[in-house]
Structure formats: structure tokens, C-alpha cells
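Both backbone and side-chain heavy atoms feed into the values below; hydrogens, waters and symmetry mates do not. Just so you know, residue 1 is the first one in the sequence shown, and it goes up from there.
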Amino acid sequence: MASGPFSHPNSSSSSFILVGVPTLEAFPICLGILFCSAYVLALLGNSTVLLVTVLDRSLRDPMHCFLAMLAAIDVLMVTSIVPKLLGIFWFHSNRIGYTACFVQMFFVHSTTSEESGVLLAMAFDRYVAICQPLRYRMILNRQTVARICLAIVVRALLFMVPLTGMVTNLPYCRSLVVPHSYCEHMAVTSLACADPNPSRLYSISMSSLIVGMDTAFIAVSYLMILKAVLGKETCRRAFSTCGCHICVMMLYYIPGLLSIYAQHFGQAVSVRAQVLLADLYLTVPAMLNPIIYSMRTRQIQKAMLNLLLPRKAQACHSTQ
């Protein structure tokens, strides 16, 4: 790999080398099988959820619109990293083009921001449904839902466009071997021969702001839900309705926060642990989200049955 300096950040002839998972290069087949299985499950599960929410007219309420958006984001997120990861593990295809690297970085970090925004929107949906049931349709009408979805995407773009500009304008004159399995921001900027601290400070501050605001508003939503249903007959039903959403949030935010701060401040954490944590954080929630929702939501179960076994589902429905 060329080790000489190249100060022009848009050189199309330049490329990076992705290491994969440092110190685990001897286990490419096992790692490949692990991530390939997660990728297939994530694609099948999220594609099915997206398909049934689009085709089934009974799933046009706001919660299922947000669920469809979450499924689309998860598909984009895992597709941004896993195919290249499998290429590294199975075909030793470690090289990634300069432009492709930053496109991958853009999609990975923007989808994580969008997923957080969707989880916040789903928490707000549960708050309105439980605390303001008579005004649910008026508050979360189609125009409002469309604006919320647009705001989620715009916020991710406002976060990523400046960061992408800062990163691509850095001169890279060191070894272009990225000690990561994908073009993670911190790993790539560590190769710059100029000061990368402005982009790193921007990244950690904006990530903390987005995650902090979203988790704070989600916590407020569920505290208000708890206050509204505690001691009432609807308490068990409310917790059952919100249970799958809480599981998804914990599955996303806990490893996500660990991954973010391990990358920025985890000098005591090995590079191998940081890379594995980042990879699992992007793939495992995307794999489990549709499983959790399909197991906990009867409407989605019924829609999936109608899609996969329409005749049998109709026969069962007619006998009831």
C-alpha cells in the first residue's frame, strides 16, 4: 500500500485498507459465518416487516409507519457494512476506495442518528396513545407523521454533512491501513497528518447531544406513561404494549453508548474489543428488532401470516 503523502483529499486513485477485526485474523470463516447469519436474519426480518406494513392496509397507523421506517433504516445500516465485512473475512478484499470509504462512513453514522430519532418518535407515539387516546388521531395525523419522519432524516443530514466535509478535507499522509472493519470515523481520522481533533470534538459532542436529548425525551415519555397508568386496570396492558419498544431501546442505546465512548475514550479497552463492539452494535439490534416486534405485536403476526399463507389465514379467519 502506498505510504507516501497525498494531500489532495479527493484523489480517486487513493484507497484505504481495512484490517477487519485486529488479532482475530486467524478466524475468518467463523467470524464470516457469524456476521453472514446475522445479516441474512436482519434482511429477511426487516424486509418482511417493511413489506407487510406497506402492503397491509390495517397497518397504516403511526406506530407501524415508524416501525416501517425503522426496518428500512436497519436494512440500510447492515448493508452498509456487512457485505464488505464478509469480503474481508472470506475473500481477503481489504481494499476500499477513497470515495467508497467516506460514503460508507456517511451511511453508517447517519443511520445510527436516524434510528435514535425513530425510537424517540415511537416513544412519543406510545405516550399519545396511552395518555391522550381520544386525541391520538388528531395529534398524530398523516401530515404530522410525515413531518416527524422528514425531521428525523434532516437531523441526520445536518449532523453528517459538516462531519463528512471536515473528514474529507483532512490530508492523509500516513499509512492508509484502517484498524477497523469499516470506515469508522475515529479509525479513519487517526490516519490524518493534520490535526483531527476538530472533527473528533464535533463528532462526540453532536453524538452525545443527539443521544442525550433522545434518551431524555424517551425517559420523560415513559415516566408520564407510568404516572398515567400506575394503579389502574390498564397498567398491565400498557406495559405489554410498551414492552417490546423498551427492549428495542435498551438493545440499541446500551451497546451504542458503550461503542461511542469506547472509540473516543477507551484507551484501556483493546482495539479488538472496540471493533467487535462496534460491529455487533450495528448488526445485532438490526437482527433482533423485527423478531421482538413480530413476537410482541399480534397485528404484525397476523399480517405476516396473511402475506406468507394467505389461503390458510383466510380459512382460519372464516372459522373464527
Side-chain angles (χ1 to χ4, degrees), residues 1-3 12-48 71-112 115 167 172 174-191 251-252 254-264 266 269-291:
M1 184 62 195
S3 58
S12 59
S13 62
S14 305
S15 59
F16 293 97
I17 297 293
L18 297 173
V19 171
V21 182
T23 75
L24 290 182
E25 294 87 348
F27 306 98
I29 302 299
C30 296
L31 288 172
I33 292 173
L34 173 67
F35 283 101
C36 183
S37 301
Y39 182 53
V40 170
L41 289 174
L43 280 185
L44 289 176
N46 286 290
S47 298
T48 303
I73 291 169
D74 282 339
V75 169
L76 182 58
M77 182 187 296
V78 293
T79 303
S80 298
I81 64 165
V82 178
K84 183 59 183 178
L85 192 61
L86 297 179
I88 296 171
F89 290 147
W90 288 346
F91 307 107
H92 305 290
S93 177
N94 298 71
R95 189 182 298 272
I96 183 170
Y98 187 93
T99 301
C101 181
F102 292 111
V103 168
Q104 184 188 57
M105 183 189 300
F106 179 88
F107 279 115
V108 168
H109 293 296
S110 62
T111 51
T112 54
E115 181 141 349
V167 174
Y172 294 90
R174 300 177 183 175
S175 171
L176 299 182
V177 178
V178 181
H180 214 290
S181 56
Y182 64 90
C183 289
E184 194 275 332
H185 167 250
M186 288 285 291
V188 173
T189 55
S190 65
L191 307 178
L251 189 66
Y252 176 76
I254 293 176
L257 289 171
L258 290 175
S259 177
I260 290 171
Y261 290 107
Q263 293 286 343
H264 287 81
V269 182
S270 67
V271 176
R272 175 182 62 187
Q274 292 181 27
V275 173
L276 279 175
L277 181 61
D279 291 340
L280 294 174
Y281 153 63
L282 293 175
T283 53
V284 173
M287 174 185 69
L288 295 181
N289 284 352
I291 297 175

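Side-chain atoms of Asp74 do not come within 3.5 Å of backbone N or O of Met287 as any donor-acceptor pair. A donor-acceptor pair is defined here as one N or O able to donate and one able to accept, closer than 3.5 Å; no such pair exists between the side chain of Ser47 and the backbone of Leu44. No donor-acceptor pair closer than 3.5 Å links the side chain of Thr79 to the backbone N or O of Leu76. Using modelled atom types, one side-chain atom of Lys84 and one backbone atom of Arg95 make a donor-acceptor pair closer than 3.5 Å.
The minimum heavy-atom distance between Ala187 and Pro179, with the atom names listed, is O-CD, 4.1 Å. Considering every non-hydrogen atom in both Gly20 and Ile88, the closest pair reads CA-CG2, 4.0 Å. Between Gly97 and Ser15, the closest heavy-atom pair is CA-CB, 3.9 Å. Between Val21 and Leu276, the closest heavy-atom pair is CG1-CG, 3.8 Å.
Taking the six-membered ring for Trp and the full ring otherwise, the centers of Tyr98 and Phe102 sit less than 6.0 Å from each other.
Contact check for Leu282 versus Val78: no side-chain heavy atoms found under the 4.5 Å cut-off. Contact of the Glu184 side chain with the Ile81 side chain is not registered, since no non-hydrogen atoms from C-beta on lie closer than 4.5 Å. Contact of the Phe89 side chain with the Cys30 side chain is not registered, since no non-hydrogen atoms from C-beta on lie closer than 4.5 Å. Using a 4.5 Å heavy-atom cutoff, the side chains of Val178 and Ile17 are not in contact. Phe107 has its side chain out of reach of Thr112: every pair of non-hydrogen atoms, C-beta onward, lies at least 4.5 Å apart. Between Phe91 and Leu86 the shortest side-chain heavy-atom distance does not fall below 4.5 Å. A 4.5 Å side-chain heavy-atom check between Tyr39 and Leu85 finds every atom pair outside the cut-off. Within the 4.5 Å cutoff, the side chain of Val177 has heavy atoms near those of the Val19 side chain.
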Check: Step by step, would you call Val188 with Tyr182 a side chain to side chain contact (heavy atoms under 4.5 Å, CB included)?
Finding: CA-CA 9 Å; Val188 173; Tyr182 64 90; over 6 Å; no
Checklist line | Verdict with reasoning, Phe106 to Val167, per side chain to side chain contact (heavy atoms under 4.5 Å, CB included) | finding: CA-CA 10 Å; Phe106 179 88; Val167 174; over 6 Å; no
Margin query: Evaluate Thr189 against Met105 for side chain to side chain contact (heavy atoms under 4.5 Å, CB included), listing each step before the verdict.
Written below: CA-CA 11 Å; Thr189 55; Met105 183 189 300; 5.8 Å; no
Checklist line | Worked check of side chain to side chain contact (heavy atoms under 4.5 Å, CB included) between Ile96 and Cys183 | finding: CA-CA 9 Å; Ile96 183 170; Cys183 289; 4.1 Å; yes
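Every side-chain hydrogen bond (donor to acceptor under 3.5 Å, both in side chains) that Asp279 has, sequence neighbours left out, goes to Ser181. Listed by chain and residue number, Tyr252 satisfy the ring pair (Phe, Tyr, Trp, His ring centres under 6.0 Å) test with Tyr281 (two or more places apart in sequence, or in another chain).
Atom NE2 of His109 and atom CE of Met77 lie 11.0 Å apart (nearest 0.5 Å).
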